[in-house]
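Single-structure report; data block below.
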Amino acid sequence: MPQFCLAYTIKSPLYVKFKEYKNLDYAQVADEILNFWNQEQIFEKSISTRAGHPSFTFYEGPPSANGTPGIHHVMARAIKDIFCRYQTLKGKQVKRKGGWDTHGLPVELQVEKELGITKEDIGKKISVEEYNQKCRETVMKFTGQWNDLTEKMGYWVDLENPYVTYQTPYIESVWNLLKRLYDKGLLYKGYTIQPYSPAAGTGLSSHELNQPGCYRDVKDTSLTAQFKAIQNQKSQFLFELSQGNPVYLLAWTTTPWTLPSNSALTAGKGITYVLVNTFNPYTFLPVHVVLAKDLVKNYFNATAENGDFEAYVAAEKKPQAIPYQIIGECKGADLEGIEYEQLMPYVQPATPAFRVILGDFVTTEDGTGMVHTAPTFGADDFRVAQQNGIPAIMVLDANGKEVPLVNRQGQFVEEVSDYALEPVKEAYLTEEEKEQARIKQGRDKYLSVDERIAIQLKTENKAFNVQKFDHPYPHCWRTDKPVLYYPLDSWFIKTTAVKDKLIALNQTIQWKPESTGTGRFGNWLENLVDWNLSRSRYWGTPLPIWRTEDGSEEICIGSLEQLTSELEKALSSGKLNADQVKGNQDFLAAIQAGTADLHRPFVDQVYLVSASGAVLSRELDLIDVWFDSGAMPFAQWHYPFENQEVFKESYPADFISEGVDQTRGWFFTLHAISSMVEDSVAFKNVVSTGLVLDKNGNKMSKRLGNAIDPFDTLKKYGADPTRWYMITNAQPWDNLKFDLAGITEVRNKFFGTLTNTYNFFALYANLDGFDPETNTLDEANLTELDRWVLSKLMHLIQEVDEAYATYEPTKAGRAIQDFVCDHLSNWYVRLSRRRFWNPESTEKGINPDKQAAYQTLYTCLETVAQLMSPIAPFYGDWLFKNLSNKESVHLTDFVPVNPAWVNPELEASMDLAQRICSLVHSIRKVHKLKVRQPLAQVLVPVLQEQVRDQIRRVEDLIKSEVNVKQVNYLDDAAGVLSKKVKPNFKALGPKFGKDMKLVAEAISSMTAENLHVLEAQGSILLSNFSIELADVEILTEDMPGYLTASESGLTIALDSQLSPSLVREGMAREFVNRIQNLRKESGFDVVDKINIDVLKGDVAWEESIQEFGSYICQEVQALSINWKDSLDQASEISMDDTTLSVKVTVHK
RNA sequence: GGGCUUGUAGCUCAGGUGGUUAGAGCGCUACACUGAUAAUGUAGAGGUCCGUGGUUCGAGUCCACGCAGGCCCA
């Protein structure tokens, strides 16, 4: 008996509107979209189509192109790109000019290495001109690679017209800024403490000092000096403890020759100090000394603690162990401000000095925990003195210039009378000179300055301890002589004068993360010292200051125009010699020809003449390269000489982003220059990004071989998964442990799911000829599921919008990911599949329900494409272009939230549905009840009417998802529910406080009657505590006689009884399943119609297939099911203990 | 040594304003599903929430002191 089913046809697609993809290669997607962008100039259009809109300004921190880009640059630039693209979607015009940082030491060192020369050779083996030419070539060596990476990773930045810091217009702008600072009195020549070799007469760079062999162990005289405290209000507490006896502050030094230059003592704020009553070991006089508690053991023999003072005084021969007694204790902070008498009063300071200050560099590792501070001979000393307003001890030289107590030859100046013109280090003397000095000293053996100072202080009761001390000390690599830390001339910007302004302006900047702004950057501003601009190098922006030799007259140049007129003035002054005239004429000609090079050596050949007729020559220093990059808001536009309008529009920046290591680099220089010059911040929002480490958390380095090649990565995985992984895995400011396996995960999980979802849509949309243009969304036809996913989508838009707006890309990415994977794919699409493959298309078109499904899914996909496009620009555009006829997602406007679609009640319902389904699945699993086997009912106990209504809305979904016939509700009327009560701590806490434990106990031990009373009356008195309904949570956990499961307050019961009819239906479903498998195994097409032959014999199967024949036919696209007595080439299908022979053929 | 920062399952990470049963993904184990299938579902194992004190009726969460990693600075 053939059984005929309803015949229907699926319309074959006339044309493929939505392209379908198999095995999508994301790198290829990126390539194709990149070509499309280039061809259609999408980047340019994204700016030009926003002309006239409000602007959003981004500043590109210029990379140095003399190294190759790494994977961390992909990260850093993805962050920058995301917010620029987002703001474009939001309708802003976002210009972003690229730039290159081209000056500086790294470039010079690289060139030196390539040429095999050192700094000393420049100007000798190679001319400065040639050398700088070489730098100029080297610095742009890898621009090709950089541009390539920029394109491949999808970073949109204007590379056609970048700013380049070595170009003349850029330098001119930098000069202009310097001139503006000069005119405000913020530029001055001072000194800074640097390693200096008196033997060679030259300063040494820190990198020269780090050469192997520079640090050598030497034996020096170390001395612990007694600084006599002055009794006043600050020090009163010490004198009270000493009962009015003199109190000495102990400080240790390995360079006694710096003691005449002492002007402060530095203590550690948190260090504990003690006051000790004892005797001076050299003079045997009783003394009270202050030193760090932890270091007492280094100065005293513990056996002598609280020893016999009187016996010591009486002793003829003083014992080694000097008795001592600790009589008081305080913190470093308590010592701050205590004044003391100058130790070696050869030269007096100009302003008050000689007091205790606090410094963060003080340790208790050695010495006394109190550091002798000589601002002229220590970098720490200099800094901490400057911060505390302590003057240095200086004398005036023959020119009336302030100089330190040691001259450039390493000798004491004459004012240090006892040691006048003696070298401070023994090593500076030859053997002969030493011998002469010995004779002069009238001793058997030459004694160094340090040694004689020690002797002098011992006799004056000013030395507490003198020892030889072995320690490593830096030496000059050329002369082998010890180095001095010595004040050398430098040009400074007086940032300390504008400190308050810098701090105030910083408070208006939005930092991500906030702690970088308030902590790292804020603290840096609090402890600001003047900005040392000088660099003694060749390749950099020259300092535009010309000066007389004695420094009495100077001029600062702020433009080529000014330089021209000064040149002309100088030439006509008649004060220059022939060489100078030649140099000036050449330079003037170059300016007029527009070919002037503002670098060394050319600017050095320019000589100007002051108003009084003195010849001025250029200060040879270059400026710190950080000034170059900090000047970019101005100099990138050659402001103020050009582009005044552009500058005004694009200043200050709305947004910048760089690595957190730039806090004191670019972030600071931008901020400082802007604050000083314009009284404005340079940027309103800043994201400081963390480091990219290898997957084990180690720093990536080429040397260790754990560096990830960005080009390989982009090629293998594609830019979008790479970017998505980086952004969603960690917050931008946290360090990222970069693991390629993570990109694979993101690719499979997120991009795979999204592409699958798209393909699913495309497959059926093409079959049905769905066209989003003509089949517009009709809200009347939306199902609950459609409304739900649209509501979720609205929330997603809100969330993502807010995340991007507040510079939280990780939150945005994760939200999109969750929506796509959990809500859209695993719930909406999974539950909607049947609607899509429902073949009942009417002749007039797609039926309304199906159309609603298409429209809903289409809307979700299109929106997701846009929301994700800032992070995954290629894929986002690819997805968008597959769905839409519009040119590019990057030219669209950010989709608004449709408030009518926001439906929190429905979301709550669906949440319940999902939880109920999950519980049913779990019961089915535990009791081995297959999902294909329909069950009669699921029971849900609900105590609140509202919850019941919520579930009722989504009943159908639950029924089809878990394959049950009915959802039924249990209220308490029957009294079958066993209820449980739990304390609601959040509500009880404020009410009962300390009695919480008792209350909780009382509630937990409530009887059924108690609970009944509470429910009926709304409150109950338990152990004298009045409990209200809101103070407890009532839930049901158990239903005797049913299969139950519960999770966070929700309980369900499953009716597992099978009627014969349910069994037959279950078998029919099994049959469908097996036929579907056969179709697939046989390679039939989705639209193929089939005929099914079945072997007679099994009654159960026959009954089941007869009863559900039309259902089966519909499901498997069968035209007929034929019962046969015998069957050739049949397939066996089995269920439980029975088997059935079937044969499936395509209907032709 | 100082400033900032991180520490939660084998791995990568979530965990407003303190609330008693700490979550997700990946990985692992087992089972199920099979017109999205290089998918998917369910269950399980897996945690001294870096440590020690403190505040509190109650601490992953707040405070103090440490330990370990990172960055910047000395």
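These numbers were taken from a predicted model, which means no experiment stands behind them. The chains referred to below are lettered A, B, ... by the order of the sequence lines, with proteins before strands, and numbering in each begins at 1.
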- Between CG of A/Leu525 and P of B/C73 the distance, given in whole Å, is 15 Å
I want to check one thing: is the phosphate of [N], taken as OP1 and OP2, less than 4.0 Å away from some side-chain N or O of [X]?
{"X": "A/Asn826", "N": "B/G41", "value": "yes"}
{"X": "A/Lys737", "N": "B/U12", "value": "yes"}
{"X": "A/Arg520", "N": "B/G3", "value": "no"}

With sugar-phosphate meaning primed atoms plus P, OP1 and OP2, does [X] contact a base, only sugar-phosphate, or nothing at under 4.0 Å between heavy atoms?
{"X": "A/Asp818", "result": "nothing"}
{"X": "A/Thr728", "result": "nothing"}
{"X": "A/Arg830", "result": "base"}
{"X": "A/Gln731", "result": "sugar-phosphate"}
{"X": "A/Asn756", "result": "base"}
{"X": "A/Ser515", "result": "sugar-phosphate"}

- Determine the interatomic distance between P on B/C13 and the same-named atom on B/C50; round to the nearest Å. 15 Å
- Query: Does B/U42 have a Watson-Crick or wobble partner in any strand here, with both distances under 3.5 angstrom, and which is it?
  - Reply: B/A30
- Item | Any side-chain donor near an acceptor of the partner, A/Trp724 and A/Asn729, under 3.5 Å | no
